[in-house]
Amino acid sequence: MNKLLVVALAVVLAACATVRKVESGSRPVGERMTMTIEGDWNHLDYPGIRPAQIWTMEGVTIDEFLIYSGIRDGQVMHPETPASSQKKNIVFRSNMQIEDVVAMFEGLLTRDGSTFRVISVEPYPFAGGQGFRFEYERIRKVDNVQQRGVGFGAVDRGELFALIYQAPRLTFFPRHKDRVEAIARTVSIR
Amino acid sequence: MKRRDLLAGGAACWACSLVHSAWAQTPADLDYAMPDRLTQPDPASDEGGLWALMDREERSLRRSPFAVRDGGLKAYVQDVACRLGGDHCPDLRIHLVRTPVFNATMSPNGMMQLWTGLLLRIENEAQLAAVVGHEIGHYLQRHTVDRLRDIKARSAFGQFLGLFGLAGAVGQLAVLASAFAYSRDHEREADRIGAILMHQAGYDVAEASRVWGNLLDELKARGQDPELISPLFATHPAPPERRETLAAYAAALPGGSAGDAAYETGTGRFLDEWLDDEVKRAQYAETLVLLSRLLTRRSGQGVIHLHRGDVYRLRGEKGDVDLAMADYQAAIRSADAPPRAYRGIGLTARQLGQKTEAVAALSRYLELAPDAPDARLIGTYVAELR
């Protein structure tokens, strides 16, 4: 049944998302952020995840690379769909401290009933300035998959820039973690 | 809708049932004789197929990382079920599921699921008995099977189900049947049985309507009419009617105990974990109603103040900083002062520019929780403030 659900999820995503290849090289994301990637990624244009972009190496049911570029004060994160609109939307505030931003991502990534446990959060250089880095464990509600995740980010001139990568903890997260760390080191914000 | 929601919903659903029944009449029949213990039906029958499906779901649930495995907690809740279920005790298997949502379900094979969001909102053992008794009522009356047969009788449903291509027509029906609301008659009957079982087991039946009232208060905190914000509320009789009916049962079945202390003993040590999950939902208005209520009804005041402070700090509306600080201060004055309250004081003071207070509180937090996940971040804050 779990496999059926994952297939169903993939079908649903395929029905409402377009996929395009992102090739190696320097890539602008949004108006102010640029990053350099090595290896090709798949970019899904999936409305439910806005304002993030969602990229994947292995397929979106396996690994997710969420990219937030230039999120402004008051902007709604991952807007609730009408079917689940009983919940209040989660909003970014430009005066959020590091711990608040991490808590915001906790809220976003547990909204489907998944669990989320922060392993570490620390100051970290990002885009040439002071940012943050955090790692976490997540158990995905829909299929009980135990994931590991890492996030990087900074608030620059009131706008949030962040990268989050999560994947099954045993195989796929270790496979791509270094690749994501390398991307995070290349981020620049103009 | 997720698979587990579908399956769980097919069982008797307490949260759903709350909105399904509403009676204006005074309860007439408060006698109930339990049937004999249910036996495994013929696997070739529709009921047998449903049992098989739920047996498979139960095996999956046992392996799930969301299953709560604490033996003491499971035994406590199982004991309450046995106290209510009498001879059916060996057939009732309670599974606690870590999900911060108010929900309980009952399957025809005796599998009952209680979500931790429900356990967090329950105030005493009698309220727990109200939920469990209601679900046992569904089990004893085999409501799921009745519902399955009702749906099977509808040819349009049959055609619809055929589109999904899942193996086994009975299984298809069972899964999708769970997506639909239980009939009002079933809910009436389950509540009536639940109240009788509560009374027979020595619980105060009046606590049943309080469960409902508390949940409504949270829904109203969203700033909208609960009957409008939920399809369930919109398509079913008004919740106050049901509250009145439950109160009428309580008047007809007086006496009994609430079991405040027993519930504290059985579940109190999980309060912090369940509140953590609740705050992560980021549904601050509802959570504030819940936390303010818990402060008047539960022990563990320090932990509750801590989480209410976190909610105010994270919500960040006008005046919330002061409210957060007041809660954190209350937390450290309590007997069970949690180290994270010092973190909250330090972060709030830092936000207010109160450097000395921030350094003192954050340093105290690091002394008490040197291995905290955010220790390096907090250490940096302290260094910057000095």
Side-chain angles (χ1 to χ4, degrees), chain A residues 1-6 8-9 77-78 80 82-124 130 132-146, chain B residues 1-7 53 56-57 60-61 63-67 97-101 115 117 164-167 171 175 219 222-224 226 229-231 233 276-277 279-286 310 313-317 343 347 350-351 372-381 384:
Chain A
M1 186 70 86
N2 283 339
K3 290 175 183 171
L4 279 174
L5 271 176
V6 171
L9 175 62
M77 307 289 282
H78 305 192
E80 288 283 355
S84 56
S85 59
Q86 293 175 35
K87 296 178 183 174
K88 296 281 188 188
N89 278 310
I90 295 176
V91 172
F92 168 71
R93 287 180 286 107
S94 59
N95 63 351
M96 282 180 164
Q97 304 298 303
I98 291 173
E99 62 276 8
D100 301 331
V101 174
V102 174
M104 178 184 73
F105 283 122
E106 274 190 288
L108 290 170
L109 297 175
T110 57
R111 201 155 57 180
D112 62 351
S114 300
T115 67
F116 188 106
R117 186 176 74 84
V118 174
I119 298 170
S120 66
V121 53
E122 59 189 328
Y124 197 78
Q130 179 73 296
F132 59 87
R133 180 185 189 281
F134 63 100
E135 288 201 39
Y136 61 93
E137 292 176 338
R138 178 176 185 249
I139 303 175
R140 195 163 60 186
K141 180 72 172 179
V142 68
D143 53 11
N144 295 339
V145 168
Q146 300 189 35
Chain B
M1 184 174 289
K2 300 178 183 66
R3 176 198 62 151
R4 182 145 295 132
D5 296 339
L6 283 168
L7 290 169
L53 183 76
R56 191 169 65 182
E57 175 66 9
S60 172
L61 183 57
R63 295 191 301 268
S64 169
F66 289 89
V97 181
R98 183 181 174 187
T99 302
V101 175
W115 292 9
F164 287 79
L166 297 174
V175 170
L219 293 172
R222 293 177 182 167
Q224 300 174 58
I229 59 178
S230 163
F233 283 101
D276 269 348
D277 288 346
V279 172
K280 285 175 189 170
R281 292 175 60 232
Q283 301 299 301
Y284 300 134
E286 296 168 51
D310 281 345
R313 186 174 56 78
L314 292 169
R315 187 174 71 168
E317 293 182 358
R343 173 184 183 271
L347 293 175
R350 177 174 177 266
Q351 194 174 343
D374 60 354
R376 292 187 66 179
L377 175 69
I378 300 300
T380 304
Y381 285 168
E384 289 172 353

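Here is the naming used below: chain letters follow the sequence lines, and residue numbers restart at 1 for every chain. Hydrogens, waters and symmetry mates are skipped; everything else that's a heavy atom, side chains included, is used.
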Carboxylate-amine/guanidinium proximity below 4.0 Å for B:Asp276 and B:Arg281: no
Proximity breakdown for A:Ser120 and chain B, heavy-atom pairs closer than 4.5 Å: both
Contact origin within A:Ile119 toward chain B - heavy atom pairs under 4.5 Å: backbone
Region of B:Asp277 in contact with chain A, defined by heavy-atom distances below 4.5 Å: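 The answer is neither part of B:Asp277.
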Neighbour count above 12 (heavy atom, 6.0 Å) for B:Arg315 CZ: yes
side-chain contact (heavy atoms from CB on, under 4.5 Å) against A:Gln97, all qualifying residues, sequence neighbours excluded: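 side-chain contact (heavy atoms from CB on, under 4.5 Å) list for A:Gln97, sorted by chain: A:Glu99, A:Asp100, B:Arg350, B:Tyr381.
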Top contributor to chain A interface from B:Pro373, B:Pro65, B:Ala282 [non-hydrogen pairs under 4.5 Å]: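 Going by pairs under 4.5 Å, I would pick B:Pro373.
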Pairs satisfying ring-ring contact (aromatic ring centres under 6.0 Å, His included), at least one member in residues 96-121 of chain A, at least two apart: A:Tyr68-A:Phe105, A:Phe116-A:Tyr136
